[in-house]
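One structure below.
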There are 2 protein chains.
Amino acid sequence: MTRVPNTDVREPVNAATDTCQLRDVLDRVGDKWSVLVMALLADGPRRYSELQRAVDGISQRMLTLTLRSLERDGLITRSVTPTSPPRVDYALTPVGETLAVEVSSLMRWAEQHRAYVANARLWYDASNS
Amino acid sequence: MTRVPNTDVREPVNAATDTCQLRDVLDRVGDKWSVLVMALLADGPRRYSELQRAVDGISQRMLTLTLRSLERDGLITRSVTPTSPPRVDYALTPVGETLAVEVSSLMRWAEQHRAYVANARLWYDASNS
DNA sequence: CGGGATCCAATGAGATACTG
DNA sequence: CAGTATCTCATTGGATCCCG
């Protein structure tokens, strides 16, 4: 992803600068599981096993990777209670909550335009039979 | 993606219903190229070659696939001017513009919290040296 | 110019088994 | 319970060549 100074006259929406800044967030939001986990945590802290049951369909591997990644980005916290058996709780950080707000905004868009998109697809597929 | 009625007592944020409705949008937004293309088109119609130069880094294959997919979902239009050489313009549909608004909202979030995330990563990586 | 078709490498992600 | 490790397969995506 080497980026070169934009020398185009009609600056193309400064793809060069915006792209790099966006990539991190988009990879986060675009990740199939990250947003689902964040949506769950938006309602309050959850344990590892709670998340695994709630997300339903996620593998242990992916849940762990997703949580690690979110934690690394400072979007969630991981708190261990060293009882036996151990207990681990995950929760959104303040910044994580602000992203969750954006995500829920996207969710509303999805609900409102779901039918439109579904219809557009039927139309398109029919046209290119 | 088989989904089963949720029988859990403490309904887990209805992952079952929300998930399916979300998936389409998230796959769209999460797609590395779709959002970049939409961001460019938010400033007005663009030709195929303009997009390819502007996005910079995208291959012909992916640009074509991205455009087809966006068109299929009714988010952009494709208009051919049968001159020689041919000219093809892409533009956002009204619904596409509403999604572009959401995306630009995400872009603002990215700008505002970019430093935070970068810092969090350095921190995390340092802790787990 | 605006693609379509094909081949191939990299990544993503599920299944399974094992551990403190 | 809350993971880690490995193996494997499916998908993504770049490179290349070709066409109307």
Side-chain angles (χ1 to χ4, degrees), chain A residues 1-3 12 19 23-24 26-37 40-41 45-72 76-91 124 127-129, chain B residues 1-4 8 12 15 19 23-24 26-37 40-41 45-72 76-91 124 127-128:
Chain A
M1 202 66 57
T2 53
R3 304 215 129 270
T19 294
R23 201 75 74 184
D24 288 346
L26 295 179
D27 286 353
R28 182 75 307 131
V29 173
D31 183 37
K32 188 173 164 187
W33 304 116
S34 289
V35 282
L36 297 177
V37 168
L40 283 163
L41 293 182
R46 290 280 188 280
R47 300 184 59 176
Y48 183 90
S49 50
E50 286 179 318
L51 289 173
Q52 186 164 21
R53 261 177 290 112
V55 175
D56 157 273
I58 195 171
S59 61
Q60 270 192 337
R61 170 192 158 84
M62 289 317 296
L63 179 55
T64 298
L65 287 180
T66 299
L67 291 170
R68 288 286 175 280
S69 182
L70 287 169
E71 187 193 0
R72 188 171 106 102
I76 68 173
T77 57
R78 176 178 183 269
S79 50
V80 184
T81 311
T83 56
S84 180
R87 173 197 178 94
V88 180
D89 287 276
Y90 293 92
Y124 185 91
S127 304
N128 305 36
S129 59
Chain B
M1 202 68 56
T2 51
R3 303 219 131 267
V4 160
D8 194 338
T19 293
R23 202 77 72 185
D24 288 345
L26 295 179
D27 286 352
R28 178 81 304 133
V29 173
D31 183 37
K32 188 174 165 187
W33 305 115
S34 290
V35 282
L36 296 178
V37 169
L40 283 164
L41 293 182
R46 289 281 188 281
R47 298 183 60 175
Y48 184 90
S49 49
E50 286 180 317
L51 290 173
Q52 187 164 22
R53 259 177 292 114
V55 174
D56 157 274
I58 194 171
S59 63
Q60 270 191 339
R61 170 191 161 82
M62 290 317 295
L63 179 55
T64 299
L65 287 180
T66 299
L67 291 170
R68 288 286 174 280
S69 183
L70 287 170
E71 186 193 0
R72 188 172 106 102
I76 68 173
T77 57
R78 175 178 184 269
S79 49
V80 183
T81 309
T83 57
S84 180
R87 172 196 178 93
V88 181
D89 287 277
Y90 294 91
Y124 184 92
S127 304
N128 306 36

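Keep in mind it's a predicted model, so treat the numbers as computed, not measured. Quick note on labels: first sequence line is chain A, next is B, and so on, each numbered from 1. Any value given below was found using the heavy atoms of this structure, including those in side chains, with hydrogens, waters and symmetry copies removed.
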Could you check how far [atom1] of [X] sits from [atom2] of [N], rounded to whole Å?
| X | N | atom1 | atom2 | result |
| --- | --- | --- | --- | --- |
| L51(A) | dA2(D) | CG | P | 9 Å |
| D56(A) | dA13(C) | CG | P | 16 Å |
| E50(B) | dG2(C) | CD | C1' | 13 Å |
| L65(A) | dA13(C) | CG | P | 9 Å |
| I58(B) | dG13(D) | CD1 | C1' | 10 Å |
| Q52(A) | dA2(D) | CD | P | 9 Å |
| R53(A) | dG3(D) | CZ | P | 14 Å |
| Q60(A) | dG12(C) | CD | C1' | 18 Å |

Side-chain heavy-atom pair [X], [Y] within 4.5 angstrom cut-off:
| X | Y | result |
| --- | --- | --- |
| L70(B) | S34(B) | yes |
| L51(B) | L67(B) | yes |
| Q60(A) | Y48(A) | yes |
| R28(A) | S69(A) | yes |
| V37(B) | R46(B) | no |
| T81(B) | V88(B) | no |
| I76(A) | R78(A) | no |

Of the candidate nucleotides dG3(C), dA2(D), dG14(D), which contains the atom at the shortest distance from the side chain of R47(A)? dA2(D)

S59(B) side chain: which of dG3(D), dG14(D), dG3(C) is closest?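 Nearest to the side chain of S59(B) among the choices is dG14(D).
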
Which residue lies more 5' along DNA chain C, comparing P86(A) with W33(A) via nearest heavy atoms: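 Its nearest nucleotide lies further toward 5', so the answer is W33(A).
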
Phosphate OP1/OP2 of [N] contacted by [X] side-chain N/O (<4.0 Å):
| X | N | answer |
| --- | --- | --- |
| R68(B) | dG3(C) | yes |
| Y48(A) | dT4(D) | no |
| S49(A) | dA2(D) | yes |

Any protein N or O atoms within reach of nucleotides 10-12 of chain D? Criterion: under 3.5 Å, listing atom names and distances.
none

